[in-house]
Structure formats: C-alpha cells, structure tokens
Amino acid sequence: MRVGIDVVDDDHQELFALVQEFETASKTSSGQVDGAEIGRILERLQAYVNDHFEREETAQLETGYEGYAENKRQHDELRHTLEKFIDKHRKGEWGDLKAATEHMRSFLAIWLQEHIMKTDRKMRGRILPWVRKRA
Ligand SMILES: [Fe+2]
C-alpha cells in the first residue's frame, strides 16, 4: 500500500504499527484489557497522526497541490474523531473496553487504508520532486 514517497510511506508504516498495538494490548492472557495502556497508545497515536498530517499538509501547501483542501478536510475529520475517542476514554465512557478497542482499531485501520489508497496516492507526482529537493 505504498504512495511512492519514502517519507510518507515510512510514516504510514509507523501509523499501522501503532494501530496494531491496540490489538496486541487487547490480547492479554487474563482476557482483561488494560485501560491505562490503551490510553497511552491513544496518546502516542494522536501525537504521531498530528506530526504526520502536518508533514503532508506542509508539502502540499508548499507545492500548491490542488488536492490540498480535500486532503486537509479528511485529516481534520480524523483529528476530530481521535479527539472524541480520547475524550471518551479519559472520561471512562468506553463501556466494554475490549469491544471498544476493537471497534476503534478496525475503524482506524480501514480509515488509513482508504485514505492512503484514494487520497494520498494522488499526490505522488506533485510532491515527489519537492521532497527530493529537500532530501
Ligand atoms: Fe493524507
């Protein structure tokens, strides 16, 4: 699932690895999900998502990429959704922790996959020369 821009693909790999951590964290031997651990992964994921989106948006803005507005709209949607997930988690409103973790993990995995395939891929030809110039 590559975009063809190394810095972007490396970021995406890291994001999938973080999403995968939710699955590992919910497969404990006791069958109990550690809420604090889920909270820590959520915060690391949010920080990485924010850094990554900023990198993409900066590259798009500086190259005058025509898909910027649509890409930014999708990014803002996920930023907002993540904030809601985290807020609910902090307030202890997740209910069944195992089910909520799985719901969130699959939502994030599908969102990322769709976004990369349908939106990020379009920027390759426009962003690559800019990225190479800066490398
Ligand atoms: Fe993107």
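Ligands are counted one by one from 1 in listed order, and the atoms in each one are counted from 1 as well. What you see is a predicted model, and the numbers here were worked out from it, not measured in a lab.
Sorting the N, O or S atoms of Asp120 by how far they are from the Fe ion (ligand 1) puts OD1 first.
Side-chain polar atoms of Tyr48 and Asp11 form a donor-acceptor pair below 3.5 angstrom.
Among the atoms of His115, an N, O or S atom is found under 2.8 Å from the Fe ion (ligand 1).
Between Glu23 and Lys27 there is a salt bridge, since at least one side-chain N of the basic residue sits less than 4.0 Å from a carboxylate O of the acidic one.
His52 meets the ring pair (Phe, Tyr, Trp, His ring centres under 6.0 Å) test with His12; sequence neighbours excluded. Shown here are the salt bridge (charged side-chain N to carboxylate O under 4.0 Å, His left out) partners of Asp76, two or more places apart in sequence or in another chain: Lys72, Arg79.
Computed with the Fe ion (ligand 1) at the centre, the His75 NE2 to Glu56 OE1 angle is 90°, stated to 10 degrees.
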